[in-house]
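Note sheet for the following structure.
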Amino acid sequence: MVIKEFDWISNKNSQVVIYGTTVGGKIIYQCLQNVGIKVDFFCDRSNRYVEFCGRPVKEPSVLRDNKNYKVLNALTRSFDSVCQYMKQIQYKEIYSCSNLIKDKRVEDFIYDENEGELVADFLEKYPIYASNCRTGICLPSLEVFITERCTLRCRDCSHLIPRYQNAKDYNIEEITENLNKISKMVERISDLIILGGEPLLHKGLYQLLEWGYQQKCIGTLTIISNGSVMPDEKLLSVMKETKARIRLSNYGKYSIKLNEIQFECRKRGISCFINDELWTDMGRIYNHNYTKKELTEIFTDCPFSYDLLLLKGRIYRCAHVAHLNNLQIINSYSHDSIDVADIIDENINEKKQELREYMEVDYLEGCSYCNGIKNSIQGIEPAIQGAR
Ligand code: SF4
């Protein structure tokens, strides 16, 4: 299956489908409207919407029965996962929309209040995901886990934080050393996403921001917080200096500092985004004993299968699998991650190749211990406290 650039001039009368009902779908839809292309429907595997931008939303399985659709991939993190799905259902091509959004600015689009950041993110990252970085390796984002400590004990935490006994902070020097090694292997990390646990509990967070800001290959710095801890004065001023942004998960009564943080950020011109998304239930942890075919299907269908996470000197494709290994609940790290702590000048090319191959794997052994999105309950209430 090939990824082609969508040519709107020769496709005026085609049956066009947009895959993805996130903000990217909205942007691509508006671009198509501007060039006079009608959209038949949107596709999405979640059951979140029946209608999006005034068009119907259908399950991706409807594409199996009609291979004449021109399917436009409007997703970023799940771009490859959608391509894998399309290949599986024997589509010969899927379309990228990089040309449609080329030179577009945030203000060219209509979007909901609070979506400005997402639109900017999409415009910056989409072309990277879509081009697949043929010249070098570009990571649209890399999550960095800095602390096991958290203020909450969420029952359905995908990072399994409540299972960490004697939770600890991770050493910032070690983290930057590993990031340094990764930067020898990749051309760019567009968004370095700092998370935990609750990263605002880590006293060395500002050092990581200062370091990250000086690195040429790192683009934006993003902190993910549960909105329960107020950053101190020092951290706020470093966030401002380093142009870091903060994404606050809105867990209602548990996000006790959410309004205060938002107020301080607005006052100081720090980018702050409130995330109201629901969670996905990955299920109880036990070996589902999936067949290889089932594993591949689950992984291909999973929107989290490209969430690269750096944890203790290894890069994992999925945070859930990373923590299952880190907690020694399973032992699949040799298949399910790559070692970056061992990068030296002499093995850079080998390690680049290893990363490329890792990005192509079609399942993680750790997926055996997960419901998988297909079988899971999507849209569950986030941050329910207590044990499972
Ligand atoms: S374990 Fe596999 S199926 Fe579950 S969230 Fe991670 S990548 Fe997806």
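As the structure lists them, so they are numbered: ligands from 1, and atoms in each ligand from 1.
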Check: Q214/E210 side-chain N/O donor and acceptor closer than 3.5 Å:
no

H320 near atom 8 (Fe) of ligand 1: N/O/S under 2.8 Å:
no

For C318, the ligand 1 atoms with a heavy-atom partner under 4.0 Å come out as 1 (S), 5 (S), 6 (Fe), 7 (S)

Near V321 (heavy-atom distance under 4.0 Å), the atoms of ligand 1 are 1 (S)

Logged contact type for M282 with ligand 1, heavy-atom cut-off 4.0 Å, is side chain

For I298, the ligand 1 atoms with a heavy-atom partner under 4.0 Å come out as 3 (S)

Taking both backbone and side chain into account, is any N, O or S atom of C370 nearer than 2.8 Å to atom 4 (Fe) of ligand 1? yes

Review point. So does I329 have more than 12 non-hydrogen atoms from other groups sitting under 6.0 Å from CD1?
Key: yes

closest protein heavy atom to atom 2 (Fe) of ligand 1 is C367 SG, 2.4 Å

Exercise for review: Give the C-alpha distance, both sets of side-chain angles, the deciding distance and a yes or no for ring-ring contact (aromatic ring centres under 6.0 Å, His included) between F299 and Y363.
Suggested key: CA-CA 5 Å; F299 187 68; Y363 69 92; 7.6 Å; no

Closest to atom 8 (Fe) of ligand 1 among protein heavy atoms sits C302 SG, 2.2 Å

Exercise. Among side-chain atoms of T222 and D191, is any donor-acceptor pair under 3.5 angstrom?
Worked result: yes

Among side-chain atoms of E5 and S96, is any donor-acceptor pair under 3.5 angstrom? yes

Check: Counting heavy atoms not belonging to K67, are there more than 12 under 6.0 Å from its NZ?
Finding: yes

